[in-house]
Amino acid sequence: MTDLQKQETLTIAGQPLASRLFIGTAGYPNQQLLLDSLEASGAELVTVSIRRVGLEGYAESLLDLLGDRYRLLPNTAGCTTRKDAVLTAELGREALETNWVKLELIGDRETLYPDVEQLVEAAAELVDKGFVVLPYCNDDPVTCRKLEDVGCAAVMPLGSPIGSGQGIANPAMIELICSRAGVPVVLDAGLGTASEAALAIELGCDAVLVNSAVAKSEAPVRMATAFRLGVEAGWAARASGRIPRRKYAEPSSPQLGLIGG
């Protein structure tokens, strides 16, 4: 943990986390690149798909490697109904022995946008069942408030569509969500490069989750390092306070004593 991170540790559901960067584990060219990228990212929390845990031997061996080194956050990727999402979360709790879940409930296959109505219902049901729920949602403050009201431990608004690399499409709305949220805000999806992670933190997000931007880059380990530094830079800048934007120029040096003035 860096000196900067030690100053203000992120806490979700009473659990302190050493890094504000969360990393997904899908889409890497090979397992070693994944492990090296996770190491370079400095992340403590990594997401894993319950579907892969249950169906692929690769994922099972991966969990053996990750289990003791990282806090695993199972997700319900691919689920399109409340029933399937809840069942997948329960399978994840049994398989990984954690009650944390990243709730994904997709309503449209082309945009991969969440089904908001079912998402809120599933979140409420999982909270009642004792889960710590971190829902992937759209960049809508009303949806985030509803998810917080049913007991979610954090909200995870998208920056832009999953895997698109478009960055933060609506920074004003992300900033508004952060200003109103009573739980941590984790920007999830759409980031393409490290400067966008810095922007997310500067806008008020408490953490950032990335997968494709690292896994599908030309140099995943280097990109993971860049995202770690981007998050740290964003946090340092936010803590320092940016100067206000002005319509006209303002000299940085005193105007008194100018030669010929």
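Both backbone and side-chain heavy atoms feed into the values below; hydrogens, waters and symmetry mates do not.
Residues forming a side chain to side chain contact (heavy atoms under 4.5 Å, CB included) with A124 (at least two apart in sequence, or on another chain): V150.
Atoms CG and CG, from L45 and L21 in turn, are 10.0 Å apart once rounded to the nearest 0.5 Å. Annotation: the span from L229 atom CG to S195 atom OG amounts to 12.5 Å, rounded to 0.5 Å. Here the CG atom belonging to L126 is positioned 8.5 Å from the CZ atom belonging to R93, to the nearest 0.5 angstrom.
Taking 4.5 Å as the limit, some side-chain heavy atom of Y28 sits within range of a side-chain heavy atom of V214. A 4.5 Å side-chain heavy-atom check between L209 and L187 finds every atom pair outside the cut-off.
Within a 6.0 Å radius of CD in Q15, other residues, nucleotides and ligands contribute more than 12 heavy atoms.
Each of V101, L103, I12 was evaluated against L134; a single residue qualifies, I12, per the side chain to side chain contact (heavy atoms under 4.5 Å, CB included) test. With W100 as the partner, the side chain to side chain contact (heavy atoms under 4.5 Å, CB included) test is satisfied by one option alone out of L72, V132, T47: V132.
No single ILVMFWY cluster, assembled from side-chain heavy atoms under 4.5 Å apart, contains both Y136 and V86. Neither I201 nor L176 shares a network with the other; the hydrophobic side chains, linked directly or stepwise wherever heavy atoms of I, L, V, M, F, W or Y lie under 4.5 Å apart, form separate groups for each. No continuous path of hydrophobic side-chain contacts links I106 to V133 [ILVMFWY only; heavy atoms under 4.5 Å].
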